[in-house]
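What follows is one structure encoded as structure tokens, with my remarks underneath.
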Amino acid sequence: MKITAIKGINDILPDEVGKWQWVESVARRIFANFGFREIRIPILEKTELFARSIGESTDIVEKEMYTFPDRNRQLLTLRPEATASVVRAFVQHQLHLQPAMRKFYTIGPMFRHERPQKGRYRQFHQINVEAFIDDPMIDAEVIYLLLVFLQELNIPDIDLHINSMGCVDCRQPFRIALSEYLAGVSERLCQDCQRRRLTNPLRIFDCKVESCRQLMRDAPVLLDHLCDDCRSNFASVKGHLKSLGVIFTINPHMVRGLDYYTRTTFEALTPHLGAQNAVGGGGRYDGLMKILGGPDLSGTGFAIGMERLLLLLAGKAGGQQHPIRLFVASLGAEAQSRGFQLVQELRFRNLLVEMDYESRSLKAQLRRADKLGATHVIIMGENELAKGVALLREMEVGSQEEVPLDGIVEKLLQKFDLVM
RNA sequence: GUGGGUGUAGCUCAACAGGUCAGAGCACCGGGUUGUGGCCCCGGAGGCUGAGGGUUCGAGUCCCUUCACUCACCCCA
């Protein structure tokens, strides 16, 4: 029985890594322009952190977390999302005392024990952005940043949906109104929604069953029940978005999976992800930091699914491996040893060089050099060694010239413009 | 957790209704040039056809079990 990777937890092979690095570098560049600073948070946290932040009765906490006791019998969890950790770190290090430290991003793996499918894996990667500033302007900025980033990557057909989830004050009366409505139509809901009605009524807005959708068309909507503060806050966010030329759809039925969202929520949707439709999503969370024992600062953030992003990028060129520049081919033990030394010295001097470690035919070595994309090859055999030279072959044209071994390193560095 | 699809060489896939069916292309290795790449030609290596059991004279092909992958439901990035 061969040991394989765990279901839904995949290797990223060298040929794909270029794309990952490219996406990450674009993210770092743009986020930096927007004043966000990278923060690196642990992959493992105390289970309590997620239970308290995400919400005890969410699917994530109830059945999707990788949770286990460590050797001291403390319950630990592989993070299913990043926001809780960023907030925890912010609170733990008292970063609110440094007013210039309010905007963060982080990139890394998350874990959820779900059945894998297209665009959904048990270990998946997110790019997260969080800003702890209480102003509708920051909501608009964060949304704008998400769109700018996706645009920079040339992701096609992105549709931005926004909604407001209100605050504790307006959500409570609304829940009651919704529950009353649902109780009235309960028998006409699908099986799943019958269950949702009691566990998470808001989710019924997400149901794909046509009959449920019809019923929900007449259901009360949170947007109509916003309190004055929330209403004007939402208006302000929309105003700022418009001022930035952002095109959006107000989707009063959009529901997000984590309990901590308040007021502004948003998703970047695409039709190209199979059963999935969100590449990125996020929103504002008012009470989270206080729940986690910190100051009462609100936050706004989003998460982008890396794998989903890469699916949308598939087929497009993205970050190639640097082709090597020089290949050193040698014939005979003596020459091979000299070649080995030459290769290491050139590498030390910052040149991308490769060689063949099995003593193969010159033909085989040149073939390898070609495969690796070398523009030049040094050929060293007994004949050359005896004359105290090496051959420098230009692959493109197939010409070669003799180069004295004496001072060959400097000569090559000059050739590749690497002399200091 | 539930349902559908698929499992044949490293990769992508063939093999009519069970009977030379274990193959092709790419990749890999070697030769064509006693020491010279890409194109071309020739050759080679590589698979107990996911695993186990059953039906049959005979199974990659049919049946059962199991595992894996995949898509979808659920849920979410």
Side-chain angles (χ1 to χ4, degrees), chain A residues 1-2 4-8 10 13 15 54 58-65 79-83 107-129 146 150 190-193 195-196 199-200 203 206-209 254-258 266-270 273-283 301-312 327 329-332 335 356 358-385 391-400:
Chain A
M1 202 49 166
K2 263 188 248 174
T4 57
I6 301 166
K7 181 200 289 291
N10 304 312
L13 299 177
D15 281 347
I54 298 172
T58 56
D59 272 30
I60 294 180
V61 172
E62 270 187 355
K63 50 190 193 198
E64 293 175 1
M65 295 202 306
R79 62 181 187 197
E81 61 117 29
T83 303
I107 301 175
M110 308 295 157
F111 303 83
R112 293 183 198 171
H113 192 108
E114 302 175 274
R115 197 70 168 254
Q117 70 188 66
K118 190 181 177 77
R120 201 183 70 186
Y121 309 96
R122 289 186 174 176
Q123 175 176 334
F124 60 104
H125 298 75
Q126 286 188 338
I127 300 175
N128 274 263
V129 160
L146 172 61
L150 294 174
C190 72
Q191 286 266 314
D192 285 330
C193 287
R195 178 178 50 76
R196 290 191 187 106
T199 56
N200 196 347
R203 288 240 78 93
D206 258 1
C207 187
K208 285 161 191 164
V209 177
M254 187 177 75
V255 177
R256 298 198 45 79
L258 296 83
F266 54 92
E267 286 184 351
L269 305 176
T270 164
L273 283 177
Q276 262 61 243
N277 63 0
V279 223
F302 65 72
I304 294 169
M306 255 292 202
E307 284 81 359
R308 292 184 183 182
L309 207 52
L310 293 169
L311 280 174
L312 298 175
F327 189 95
S330 54
L331 290 160
D356 205 332
E358 308 125 60
S359 353
R360 304 196 301 160
S361 68
L362 181 60
K363 177 180 181 144
Q365 294 186 60
L366 282 169
R367 196 160 42 222
R368 176 72 48 85
D370 186 53
K371 274 262 152 54
L372 292 172
T375 56
H376 295 76
V377 174
I378 283 288
I379 298 173
M380 290 201 301
E382 274 124 28
N383 303 346
E384 287 75 24
L385 235 51
L391 298 175
L392 176 60
R393 178 179 179 82
E394 276 196 53
M395 294 299 270
E396 187 101 6
V397 290
S399 65
Q400 38 193 58

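Here is the naming used below: chain letters follow the sequence lines, and residue numbers restart at 1 for every chain.
Here the side chain of Arg112(A) pairs a donor or acceptor atom with the backbone of Pro80(A) at under 3.5 angstrom. A donor-acceptor contact shorter than 3.5 Å links the side chain of Arg120(A) to the backbone of Arg115(A). Side chain of Gln365(A) to main chain of Ser330(A): a donor-acceptor pair is present (N/O by atom type, distance under 3.5 Å, no hydrogens or angles). With hydrogens and angles ignored, the 3.5 Å screen pairs a side-chain donor or acceptor of Arg122(A) with a backbone N or O of Glu114(A).
You'll find that the side chain of Gln400(A) is closest to U36(B), out of A27(B), U36(B), A77(B). Taking every side-chain heavy atom of Arg115(A) into account, A72(B) is the closest of A72(B), G35(B), C29(B). Nearest to the side-chain atoms of Ala275(A) among the listed nucleotides A72(B), C29(B), G37(B) stands A72(B). If you check U36(B), C69(B), A77(B) against the side chain of Lys7(A), the one that comes closest is C69(B). Each of A77(B), U36(B), G30(B) was ranked by its minimum atom distance to the side chain of Leu391(A); first place goes to U36(B). Residue Gln117(A) places its side chain closer to C74(B) than to any other of G30(B), C74(B), A77(B). Across A77(B), G32(B), G35(B), the shortest atom-to-atom separation from the side chain of Lys363(A) is found for G32(B). For Arg120(A), counting side-chain heavy atoms from C-beta on, the closest listed nucleotide (C74(B), C28(B), G35(B)) is C74(B). Looking at the side chain of Leu258(A), the nearest of the listed nucleotides A77(B), C75(B), G35(B) is A77(B).
Residue Ala369(A) is out of contact with every strand shown, counting any heavy-atom pair closer than 4.0 Å. Contact annotation for Val377(A): no contact, since no heavy-atom pair falls under 4.0 Å across all strands. Contact annotation for Phe327(A): no contact, since no heavy-atom pair falls under 4.0 Å across all strands. Residue Gly274(A) is in sugar-phosphate contact alone, with no base atom involved, counting any heavy-atom pair closer than 4.0 Å across all strands shown. Using a 4.0 Å heavy-atom criterion, one finds that Arg360(A) contacts the sugar-phosphate atoms exclusively. Across all strands, Glu384(A) comes closer than 4.0 Å to base atoms (heavy-atom distances). Within 4.0 Å of Ala364(A), counting heavy atoms only, lie sugar-phosphate atoms of the nucleic acid but no base atom.
Between the side chain of Asp370(A) and the base of G38(B), no donor-acceptor pair of N or O atoms lies under 3.5 Å. Not a single donor-acceptor pair, N or O on each side, falls under 3.5 Å between the base of G37(B) and the side chain of Glu396(A).
Other residues, nucleotides and ligands contribute more than 12 heavy atoms inside 6.0 Å of the CG atom of Leu13(A).
Straight-line distance between the P atoms of G32(B) and G18(B): roughly 49 Å, to the nearest whole Å.
In terms of phosphate contacts, Arg368(A) brings a side-chain nitrogen or oxygen within less than 4.0 Å of OP1 or OP2 of C29(B). The phosphate of A72(B) (OP1 or OP2) has no side-chain N or O of Lys118(A) nearer than 4.0 angstrom. Considering only side-chain N and O atoms, Arg393(A) lies nowhere under 4.0 angstrom from the phosphate OP1 or OP2 of G37(B).
Mapping Met380(A) and Arg112(A) onto RNA chain B by nearest heavy atom places Met380(A) closer to the 5' end of the strand.
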